[in-house]
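I am attaching a structure below and will ask some questions about it afterwards.
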Amino acid sequence: MKYTLIAWMRDKPGVLSRVAGMMRRRNFNIDSLQVGHSEAPGISRMTFVVDGNDRMVDQVIQQLRKLVDVTQVENISEQPIVAREMAMVRVATNADTRAEIVQIVNIYRGEIVDVALDSMIVQIVGSEDRVASLVDLLDNFGILEMVRTGPVAMARGRLERSRRRGTAVWRAQADGRDAVSTERFKTGGV
Amino acid sequence: MSKRNGKAAKAAPEIPVQMKGAQMIWEAMVREGVRVVYGHPGGAILPAYDALSPYEAEGKLHHVLVRHEQCAAHMADGWARATGEVGVCIATSGPGATNLVTGLATAQMDSVPVVAITGQVPTKLLGTDAFQESDVVGVSAPVCKHNYLVTDVNELPLILKEAFYIAREGRPGVVLVDICKDVQNAEGTFRYDFEIELPGFEPWPNVDLECVRKAAALINQAERPLVLSGHGVQLARMGHELLALVEKAEIPVVTTLLGTGNIPESHPLSLGMGGMHGEAYANQAVQSCDVLIAVGMRFDDRITGRLDKFAKQAKVIHFELDRAEVGKNIVPDVPVIGDLAETLPALLPLIEERRHQPWLQQLKEWKGETAQSDILNYEVDELIPPYVIRQLWFATHNAPGGPPIIVTDVGQHQMWECQYFTHDHVGQLLTSGGLGTMGFALPAAIGAQMAYPERLVWAVAGDGGFQMTLQELAVIKQEHNLPVKVAIINNGFLGMVRQWQQFFYDKRYTGTPVWSPDFVQLAAAYQIPALAVTRPDEVGPALEKAIATPGPFLIDFRVKEEVNVYPMVAPGAAVDQLIRRPKPAVMQEYSGVQPSW
Ligand SMILES: Cc1ncc(C[n+]2csc(CCOP(=O)(O)OP(=O)(O)O)c2C)c(N)n1
């Protein structure tokens with residue numbers, strides 16, 4: 001079964017490799033992984049899709065929590081969520097097929113973002129299923145190049161506030177301020 | 001801040017001081033209570049070494065020069081295991097740092113608090129394959145609890161403080177701090193009064209008392225309860241509480257390798273070590289109990305054997321600090337997550353006084369069967385390792401200065417030590433359990449001896465493992481004749497591997513016969529007094545001589561070659577499917593002192 005996890009972590013060089021390294025070392029199977037900024041300065045947000053069973057996912061979560069730079073981990077697989085991924089597909093075209101492809105892309109509410117004589121680039125944002133089914137259709141015309149981001153996700157409904165905020169130092173670092181001379185040194189009171 | 005020693009949450013404000021990064025390292029260590037650092041210098045760490053000199057001159061810190069960086073980590077590890085404090089090692093960039101890795105992995109696998117400092121090439125050369133550059137943070141990450149690369153001198157004080165905090169708090173482990181050479185040379189602001197803020201680090205999870213109550217209810221109903229206790233008991237210093245608990249409800253105790261001595265092994269409720277080379281009755285107890293109370297342990301495969309056949313009759317209660325260990329190998333019926341120093345005292349009053357005579361009677365019968373074939377119950381006319389170990393116990397267990405500390409290497413002798421030495425005190429046995437690192441004994445014994453100069457410390461090693469780190473004999477001398485005693489159980493083979501070859505590879509002894517130098521002459525070259533022992537009647541006198549001789553001593557026990565460790569659970573077999581100890585061929589009734597069981 002597939003599980004969607006979200007992890008918040010300190011935005012700092014090397015954190016991604018720590019997370020990826022732990023996953024590889026512990027033999028966890030990552031289907032997809034997406035990292036980007038979160039709403040909190042100094043904190044990145046990672047969306048994972050992992051393939052496994054309940055016990056394995058529990059281990060993934062516990063092991064992620066042990067990483068000092070990871071501040072929070074949530075398993076949103078059982079919650080109502082909005083999950084979206086984006087794909088760009090360069091599909092082969094010719095005079096005969098171009099119109100048909102445009103029609104299909106319109107049905108899927110995708111976009112043509114580039115056109116060349118013998119190909120065009122189709123962009124689509126949607127659920128994994130929708131992206132997959134458009135890709136299947138386009139495959140009939142010949143896919144020359146493709147990139148899929150893998151999903152990012154958010155739980156629906158009200159947000160329960162939790163420990164997502166970084167520290168003063170992290171925020172300062174994220175803002176490009178001198179982390180050292182800022183808030184951190186106020187803590188001692190001098 | 002530190003939960004166990006209850007240090008003040010807020011450090012007193014202090015005036016910042018300007019100093020070089022190199023000095024900050026030592027300034028931080030003094031504040032952390034460090035007294036000894038084990039290391040080896042080199043180009044990228046030279047500024048730090050230079051800044052150490054005033055601290056050494058004032059007697060605040062002492063540096064021990066090792067002969068191989070692996071041993072710096074093992075010595076820091078031995079110190080930390082013996083004292084419970086953070087051990088510190090230091091090395092240069094590149095080869096110095098990579099040499100540390102085995103030692104760090106050894107400590108991390110056994111939850112030992114160690115901080116490692118390494119020099120790194122200057123910031124502007126990072127990533128250029130500069131001379132003696134290696135990606136130490138990358139290389140060491142999988143074997144560390146956490147690590148840092150320091151590229152800004154002003155971040156150094158906080159990072160050092162975090163490093164000690166992370167190494168020590170919660171489940172202890174290894175933290176490495178890799179410091180660029182230019183950072184060591186740069187001037188910066190030093191202060192140490194900040195509070196540590198690490199939102200992603202939760203060393204002491206809150207205890208759910210409901211789980212403790214559930215655990216108590218299960219224990220109170222048990223007919224055949226059993227405690228399986230591990231290193232966590234020692235780390236939490238909860239040996240006495242555990243003993244009170246098992247005495248109150250009359251619960252027998254099996255330990256893991258690192259749990260050895262959690263309750264006195266001569267106690268009637270102690271069944272000794274379980275697992276691959278545990279006694280048959282200990283493993284039978286695990287397989288037959290109806291409630292298994294696992295305390296501060298992680299269900300390693302060496303203790304569980306085949307997982308799907310493990311303790312099938314039992315409801316499992318798991319007391320453990322590290323949440324990730326709960327459910328990793330065995331899914332418990334009642335998980336009790338949290339510091340044992342909280343959960344065990346909370347459990348004790350909820351436990352009813354109980355007696356479990358039929359269960360204990362059963363265990364006693366199983367013990368009796370084992371004792372019948374025990375090698376020690378017969379006269380020995382050859383020098384066999386179990387006999388040596390038993391004599392070591394006779395010779396040392398009443399040592400002045402406190403319980404002796406035995407530091408083993410890895411292999412057959414390690415298992416015999418567990419079986420034939422009676423550990424009546426927590427922390428008497430220091431051994432590499434998780435990683436099983438050959439070469440551990442001598443350097444770790446040096447660390448332990450430096451922590452406890454008054455106590456008798458024995459390194460017990462095989463001829464194979466001893467040769468992996470014997471160069472550290474020089475440290476014994478350079479550190480003013482440290483009184484470390486060394487026993488080499490010299491069987492001419494990489495014994496444990498030979499045993500596997502005998503059992504599982506048709507006795508094809510590929511790569512296991514070991515040629516050794518004359519260890520007595522070798523010791524002489526290091527100016528260490530030594531003796532070789534070849535006959536059983538020489539063992540006692542040799543041990544006495546070693547103990548009576550001030551300073552170090554080495555004994556080369558030239559034991560019978562092809563002796564096996566029994567019982568043995570074949571890897572992947574269920575723990576009750578064991579190869580039992582055959583009766584010795586020569587069966588004269590033994591008239592000497594009986595082993596404690
Ligand atoms: C560094 C390292 N290399 C290899 C091994 C595998 N190994 C485990 S026990 C053992 C044999 C040890 O032989 P020896 O030191 O002579 O001790 P004995 O088993 O004979 O008591 C070996 C090679 C190990 N544990 N550690």
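Lettering of chains follows the sequences in order, A, B, ..., and the numbering in each one begins at 1.
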Note to self: Which one wins on heavy-atom pair count under 4.5 Å against chain A: B/V331, B/L149, B/V137?
What the structure shows: B/V331
Check: Under a 4.5 Å heavy-atom cut-off, does chain B meet the side chain of A/V70, its backbone, both or neither?
Finding: backbone
Next item on the list: For the residue pair A/L67 and B/H146, establish whether any side-chain heavy-atom pair is separated by less than 4.5 Å.
Entry: no
Item checked: More than 12 heavy atoms of other groups within 6.0 Å of A/M22 CE -> yes
Checklist line | Separation of A/T71 OG1 from B/L198 CG (nearest 0.5 Å) | finding: 11.5 Å
Checklist line | Reported CZ-to-CZ distance for the pair A/R65 and B/F201, which is rounded to 0.5 angstrom | finding: 15.5 Å
Check: So, do B/R171 and A/K66 sit near enough that their side-chain heavy atoms are less than 4.5 Å apart?
Finding: yes
Margin query: What part of B/I166 gets within 4.5 angstrom of chain A, counting heavy atoms only: side chain, backbone, both, or neither?
Written below: side chain
Notebook entry, point to check: Which heavy atom in B/I330 sits nearest to a heavy atom in A/R55, and how many Å separate them?
Noted result: N-NH2, 3.9 Å
Checklist line | Stepwise side-chain contact (heavy atoms from CB on, under 4.5 Å) test for B/K328 and A/Q59 | finding: CA-CA 7 Å; B/K328 184 177 86 178; A/Q59 262 299 297; 3.4 Å; yes
Margin query: If I take atom CD from residue B/E325 and atom CD from residue A/Q63, how far apart are they, to the nearest 0.5 angstrom?
Written below: 7.0 Å
Checklist line | CG (B/D308) with more than 12 external heavy atoms under 6.0 Å | finding: yes
Margin query: Surrounding CG of A/N53 (heavy atoms of other residues, nucleotides or ligands, distance under 6.0 Å), is the total greater than 12?
Written below: yes
Item checked: More than 12 heavy atoms from other groups under 6.0 Å of CE on A/M146 -> yes
Next item on the list: Check whether B/N147 gets within reach of chain A through its side chain, its backbone, both or neither, counting any heavy atom under 4.5 Å.
Entry: both
Margin query: Tell me if the CD atom of B/Q18 is crowded by more than 12 foreign heavy atoms within 6.0 Å.
Written below: yes
Notebook entry, point to check: Above 12 or not: heavy atoms from other molecules or residues under 6.0 Å from CG of B/D129?
Noted result: no
